[in-house]
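First comes the structure, then the notes that go with it.
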Amino acid sequence: MISQTPFAVIGLLAALVFVKAFYTRRKHLPLPPGPPGHWLFGNVLPKSHAPVQFAKWTEEYGPVFSLRQGPRVWVIIGRYQAAMDIMEKEGASLIDRPRYISASEVLSGGMRVVVERAGDRLKRLRRVLHAQLQPKVAVTYEDIQTTNARNVLLDIFDDPNNHQMHVRRYAASVVLSITYAHPPTSLSSPLVRAVNLCLSRFGSTIRPGAWLVDTYPILQYVPGYLNQLKEWHQEEKALFDGVLQGVKNEMVTGTARPCFAKFLLEHQRDYSISDGELSYVAGSLFGAGSDTTASAITIVMMAAAKHPSAQTRVQEELDAVVGRERLPTFADQPMLPQVTAFMLEALRWRPVSIGGFAHRATKDIIWNGYRIPAGASVIGNHWAIANDPDTYPDPQKFDPQRWIDEQGRVRDDLRFCTYGFGRRVCPGQHVANRSIYINTALVLWAFRLRENLSALIDTSLYAFSDTANMHAKPFEVIFEKRIEEETIRGLVAGGD
Ligand code: HEM
């Protein structure tokens, strides 16, 4: 009988050669193409409106292009399908964030979820966030959201010129209620002012290129260089600890109402959360959830004032389903596909997180014959993806009907990346969507929004702040009442 051994050995050797060749070939695959740069320093990143420049480079270099900045590689994705292939399917290799010495390690003491690196702490923090923000818990915030959104209607009656401020007040109030059971508040309250200050410091620190130490880490050892950030961290920590202490005191006296902070304190051990992490995860929810939600609702209002016929379609639906004698509620949403479509289109038309947040590749990722190397910062550019003509035909057109299927229902085969990607997708998305829905339904039910023809609304990106989460600069809207003010006040007072 012929021995099988030599064949087995040959087979094994052939397999080894094949595997080695496979990996060698992978290693030699090129980076995605991109604009030429300096041989040593690489590309100069755009100083302002980076997502817009990146979208132009997408047109020129394709759905996935790369940039180099010193030793750092950036890969930018500007088309929907490529974003799905890379950010979603390869999500496990993109769970990490780039290292932010300035915004994360120093300013946030390494505890802010949004800039947390992959690892055990991220897993624990995301678990606890999920516990309190998942869909079945999000519905329990209905009363907080409804009460605050109804107040927006009254605020608009009282002071229509400050509509953007009313929406910011809504978002701040909702997040503080959910997090600390804080009573409805105003933008001028010392707490809101203090957390907004922390938020703007974080926003300015994380801007690409704001702190050179993020490209050249050696700078962290320069005496005094990071002092400003260290001071801000101490202030931020004291603020977050102070608000949390308020909840602890209420728990001692038995007066604490249910909220995220109380839940965390009661389950601190189950989720293995340290005191510092607990204080920060609660404190930084404001930063993640308040500004973003306010921006989204304001974009809905801008879209309505600018697109009268799309607005009419929503109002016809509201009149047919809700009528004019009661206020729209969450229970109405399944019967209001036009309201949902309108908000989805507004979120695509002017995406709040316009450039997307950077993820970091922990392994080489191969896409279409290109290699995204381990260590690269990978960004799904929301602005370019929103303008992908293959997924959203005629993308510049504001057209809520693209979200509606032939049966008149909201399409379930179309998506946009409003809330980011993969394993870092926004954990607050269910709460956010519910906030945007209830405000859209109530405002468009109560008012006809119009543009003042002598103060036209600028909807270009230059009419928004050049920040990671963009905000519309002040603009005027005429709020014509569709329902009598007394009727609305009566319905709000009666809780109907
Ligand atoms: C319209 C409103 C909102 C928008 C547009 C938005 C968008 C985003 C985006 C794009 C990300 C990054 C995703 C990625 O890395 O790919 C994110 C992360 C995050 N969001 Fe939101 N968000 C909103 C509201 C909220 C709310 C209401 C909360 C909480 C109450 C929240 C909490 C967070 C947190 C904690 C993270 C960090 C997650 C991580 O890095 O793992 N967001 N959000």
Side-chain angles (χ1 to χ4, degrees), residues 145-171 173-174 184 187 293-330 332-333 335-347 349-350 398 400 434-459 471-496:
Q145 289 172 304
T146 303
T147 308
N148 278 286
R150 288 176 177 183
N151 284 341
V152 170
L153 300 186
L154 306 186
D155 290 344
I156 293 175
F157 275 123
D158 291 340
D159 181 6
N161 291 336
N162 274 319
H163 59 96
Q164 285 166 272
M165 227 177 68
H166 306 325
V167 168
R168 287 182 56 210
R169 196 268 314 141
Y170 165 89
S173 241
V174 166
L187 286 182
T293 303
S295 173
I297 298 169
T298 286
I299 288 171
V300 166
M301 292 199 197
M302 179 189 265
K306 259 328 232 193
H307 301 98
S309 51
Q311 186 185 170
T312 303
R313 192 106 189 225
V314 174
Q315 284 161 342
E316 283 168 359
E317 182 184 66
L318 283 164
D319 286 343
V321 174
V322 178
R324 297 195 177 197
E325 269 142 36
R326 68 172 182 87
L327 297 159
T329 64
F330 280 107
D332 295 318
Q333 190 171 14
M335 280 86 74
L336 295 172
Q338 289 292 337
V339 175
T340 305
F342 194 94
M343 66 180 245
L344 289 173
E345 180 66 348
L347 293 169
W349 176 65
R350 293 291 176 266
F398 180 84
R434 293 173 67 81
S435 273
I436 304 166
Y437 160 74
I438 196 67
N439 279 279
T440 305
L442 281 166
V443 170
L444 296 191
W445 174 84
F447 303 103
R448 175 84 192 162
L449 276 57
R450 275 204 307 108
E451 187 173 30
N452 178 352
L453 294 180
S454 52
L456 291 182
I457 303 172
D458 182 358
T459 60
H471 282 271
K473 293 181 185 161
F475 64 96
E476 190 184 331
V477 173
I478 299 173
F479 292 90
E480 277 174 7
K481 56 177 192 246
R482 296 178 72 241
I483 318 275
E484 283 309 316
E485 182 175 343
E486 300 75 67
T487 310
I488 293 182
R489 287 192 184 277
L491 290 171
V492 170
D496 295 323

Return all side-chain donor-acceptor pairs below 3.5 angstrom for residues 336-346, not counting sequence neighbours, or 'none' if the list is empty.
from   : atom 1 : to     : atom 2 : distance (Å)
Gln338 : OE1    : Gln401 : NE2    : 3.0
Gln338 : NE2    : Gln401 : OE1    : 3.1
Thr340 : OG1    : Gln333 : NE2    : 3.2
Glu345 : OE1    : Arg348 : NE     : 3.0
Glu345 : OE1    : Arg402 : NE     : 3.3
Glu345 : OE1    : Trp403 : NE1    : 2.8
Glu345 : OE2    : Arg348 : NH2    : 2.9
Glu345 : OE2    : Asp399 : N      : 2.7
Glu345 : OE2    : Arg402 : NE     : 3.0

Discussion item. Against Met302, only a single residue in Leu449, Ile457, Val477 fulfils side-chain contact (heavy atoms from CB on, under 4.5 Å); can you say which?
Written reply: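 Filter result, single survivor: Ile457.
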Fill in: Candidate pair Leu318 and Leu444, rule side chain to side chain contact (heavy atoms under 4.5 Å, CB included), full reasoning
CA-CA 8 Å; Leu318 283 164; Leu444 296 191; 4.1 Å; yes
List for me each residue that meets side-chain hydrogen bond (donor to acceptor under 3.5 Å, both in side chains) alongside [X], sequence neighbours excluded, and say none if there are none.
X	value
Glu484	none
Asn162	Asp159
Asp155	Arg169
Ser309	none

Taking the side chain from [X] and the backbone from [Y], do they hold a donor-acceptor pair closer than 3.5 Å?
X	Y	result
Glu451	Leu456	no
Thr487	Ile483	no
Gln164	Phe475	yes
Asp332	Thr329	yes

Worksheet item: NE2/His166 to CG/Asn148 distance, rounded to the nearest 0.5 angstrom?
Response: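 Rounded to the nearest 0.5 Å, the NE2-CG separation comes to 13.5 Å.
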Item to complete: Mind checking the CG-CD1 spacing from Asn161 to Ile156? Nearest 0.5 Å is all I need.
Response: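 Interatomic distance, Asn161 CG to Ile156 CD1, rounded to 0.5 Å: 11.5 Å.
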Atom of [X], atom of [Y] and distance for their closest heavy-atom approach:
X	Y	result
Ala149	Asn439	CB-OD1, 3.7 Å
Ala296	Leu347	CB-CD2, 3.7 Å
Ala294	Val167	O-CG1, 3.4 Å

Item to complete: May I ask you to say whether Lys473 pairs ionically with Asp458, meaning some side-chain N is under 4.0 Å from a carboxylate O?
Response: no
Heavy-atom distance under 4.5 Å between the side chains of [X] and [Y], does that happen here?
X	Y	result
Tyr437	Gln145	no
Glu317	Val322	no
Ser295	Arg350	no

Practice prompt. Show your reasoning for whether side chain to side chain contact (heavy atoms under 4.5 Å, CB included) applies to Val152 and Leu442.
Written response: CA-CA 9 Å; Val152 170; Leu442 281 166; over 6 Å; no
Worksheet entry | Trp349: ring pair (Phe, Tyr, Trp, His ring centres under 6.0 Å) partners, not counting sequence neighbours | His307, Phe398
Practice prompt. Could you pull out all residues at least two apart from Phe479 that satisfy ring pair (Phe, Tyr, Trp, His ring centres under 6.0 Å)?
Written response: His163, Phe447
In chain order, what residues pass the salt bridge (Lys or Arg N to Asp or Glu O under 4.0 Å) check against [X], with sequence neighbours excluded?
X	value
Arg450	Glu480
Arg434	Glu142
Glu485	Arg489

Practice prompt. For a salt bridge (Lys or Arg N to Asp or Glu O under 4.0 Å) with Asp319, tell me which candidate from Arg326, Arg324, Arg448 qualifies.
Written response: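 Of the listed residues Arg326, Arg324, Arg448, the salt bridge (Lys or Arg N to Asp or Glu O under 4.0 Å) partner of Asp319 is Arg324.
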Worksheet entry | Listed partners of Thr293 passing side chain to side chain contact (heavy atoms under 4.5 Å, CB included), at least two apart |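 Thr293 satisfies side chain to side chain contact (heavy atoms under 4.5 Å, CB included) with Tyr170, Ala171, Ile297, Ala432, Ser435 once adjacent residues are dropped.
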Worksheet item: By side chain to side chain contact (heavy atoms under 4.5 Å, CB included), which residues pair with Ala455, not counting sequence neighbours?
Response: Asn452, Glu476
Worksheet entry | Verdict with reasoning, Trp445 to Leu327, per side chain to side chain contact (heavy atoms under 4.5 Å, CB included) | CA-CA 8 Å; Trp445 174 84; Leu327 297 159; 3.3 Å; yes
